[in-house]
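Presented below is the structure to which this report refers.
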Number of protein chains: 2
Amino acid sequence: MLLSKSCIYGLRASLYLASQKSEGYTPIRKMSEDLEISFHFLTKIMQQLTADELLESFKGPNGGVRLKKSGDEITFMDIVMAIDGPALFTECALGLPGCGVEKPCPFHEQWAETRDNIKEMMEGTTINELAIKGKEENLRLTAKGGFEKFLQLE
Amino acid sequence: MLLSKSCIYGLRASLYLASQKSEGYTPIRKMSEDLEISFHFLTKIMQQLTADELLESFKGPNGGVRLKKSGDEITFMDIVMAIDGPALFTECALGLPGCGVEKPCPFHEQWAETRDNIKEMMEGTTINELAIKGKEENLRLTAKGGFEKFLQLE
DNA sequence: GTAATTTAAGATTAAATACTCTTAATTATT
DNA sequence: AATAATTAAGAGTATTTAATCTTAAATTAC
């Protein structure tokens, strides 16, 4: 699996937040229901993103979480790094410690090129870009429902 | 993590076998010592590759495992598919079931392109190619030692 | 200031992956 | 035939990841 479950949920939740019209906070309970993710598990993931300054949170009635910066300034990679960390982009595909240009494994060359492609793709993709695409084409963020399900009416 | 530990060990062991000069069987015990992989765990992985017809085995004295085909005909992808299966190349990066051209997620386009690159790279890399490179440049298959450690003298 | 709403944090449980141990089956050597 | 060397297979344990439960802290509204 490329990304952990936590990371996948964090990405879905970030797209959800980027698609919200209102500037206000969105309660995690509502997100967990819309996205069909366990509330407590999602809460932990939102805490990680909040600790990493990608989100900000507010306690109490009308509280919740929201993006701390514009969705244009948050990349797919930002979320991946915050939750899964850099391992995917630094570690040897054959699991050898310290594999790199100085002490490569036989597969290093191929993997270094490929993972740089993955990296560039993730760095070049913003969550706003994905959220806009999702809204325009009514794409999915859950097993079933379309995107419109998440658009906050005001 | 891109590949499971089992898959990583399976790949290292396959490169090891591809680098052997002799046509004979190599005992898993010896491989496990050279590659610093637990004997029983490696045995299970070798069983998987044998069941998938990538290796063949022989019991008893002078027994062991060896490549069933030439290392030129076994790709990196063959080993990955035998051990980790196709999930990496078929599943949605956001974990949505049934994500594809008909019912895509917002990230589908980017991921489909990237994973096709990974796929092509793995399909286009043979274990012989990597074994030869490893021998010529004395690269590593373990945390410490160089490749020469594995070359069977005869 | 009390109750309701919400995130934060820690403890616990469940499931998946990684690894180990034991026994059985096969083959070669003597 | 007996012994040793080896893979096969299944059961068992440990570690990691995923998910749940409980309590605390902050904030709002009445």
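Letters A, B, ... are given to chains in the order of the sequence lines, protein chains preceding strands, and every chain is numbered from 1.
The closest side-chain heavy-atom distance from B/T75 to B/T125 is not below 4.5 Å. When side chains are defined from C-beta on, B/L42 counts as touching B/M46, because their heavy atoms get closer than 4.5 Å.
Look at CD1 on A/I28: it is 16 Å from P on C/dT5, rounded to the nearest Å. As a whole-Å value, the separation of A/Q48 CD from C/dG10 P is 14 Å. Separating the CG atom of A/L49 from the P atom of C/dA9 is a distance of 14 Å, rounded to the nearest angstrom. Put simply, CG on B/N62 is 19 Å from P on C/dT26, counting in whole angstrom units. Distance, B/F41 CZ to C/dT17 C1': 8 Å, rounded to whole Å.
At C/dC19, one or more side-chain N or O atoms of B/K5 fall inside 4.0 Å of OP1 or OP2 (strictly under the cut-off). For C/dT7, neither phosphate oxygen OP1 nor OP2 lies less than 4.0 angstrom from any side-chain nitrogen or oxygen of A/Y25. The phosphate of C/dT20 (OP1 or OP2) has a side-chain N or O of B/S38 nearer than 4.0 angstrom.
No salt bridge links B/E23 with B/R66; every basic N to acidic carboxylate O contact stays at or beyond 4.0 Å.
Contact annotation for A/F58: backbone-only contact, meaning every heavy-atom pair under 4.0 Å involves sugar-phosphate atoms and none involves a base.
Taking the six-membered ring where tryptophan is involved, the planes of A/F41 and A/Y9 are perpendicular, since the angle between them exceeds 60° and thus also 30°.
Of all non-hydrogen atoms in B/T142 and B/D34, the two that sit nearest each other are CG2-O, 3.4 Å.
For a distance-only test at 3.5 Å, the side chain of A/K59 fails to qualify as a donor-acceptor partner of the base of C/dA8.
Nearest-nucleotide mapping onto DNA chain D: of B/P61 and A/G60, the residue sitting toward the 5' end is B/P61. Sequence order on DNA chain D of the closest nucleotides to A/K44 and B/V65 puts B/V65 first from the 5' end.
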Could you walk me through whether A/T126 and A/D72 pass side chain to side chain donor-acceptor pair (under 3.5 Å), step by step?
-> CA-CA 6 Å; A/T126 69; A/D72 291 319; 4.6 Å; no
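Nucleotides of DNA chain D that come within less than 4.0 Å of any heavy atom of chain A span, from the 5' end to the 3' end, D/dA18 to D/dA29.
Taking the ring axis of A/F39 as reference, the NZ or CZ atom of A/R29 stays within 45° of it and closer than 6.0 Å to the ring centre.
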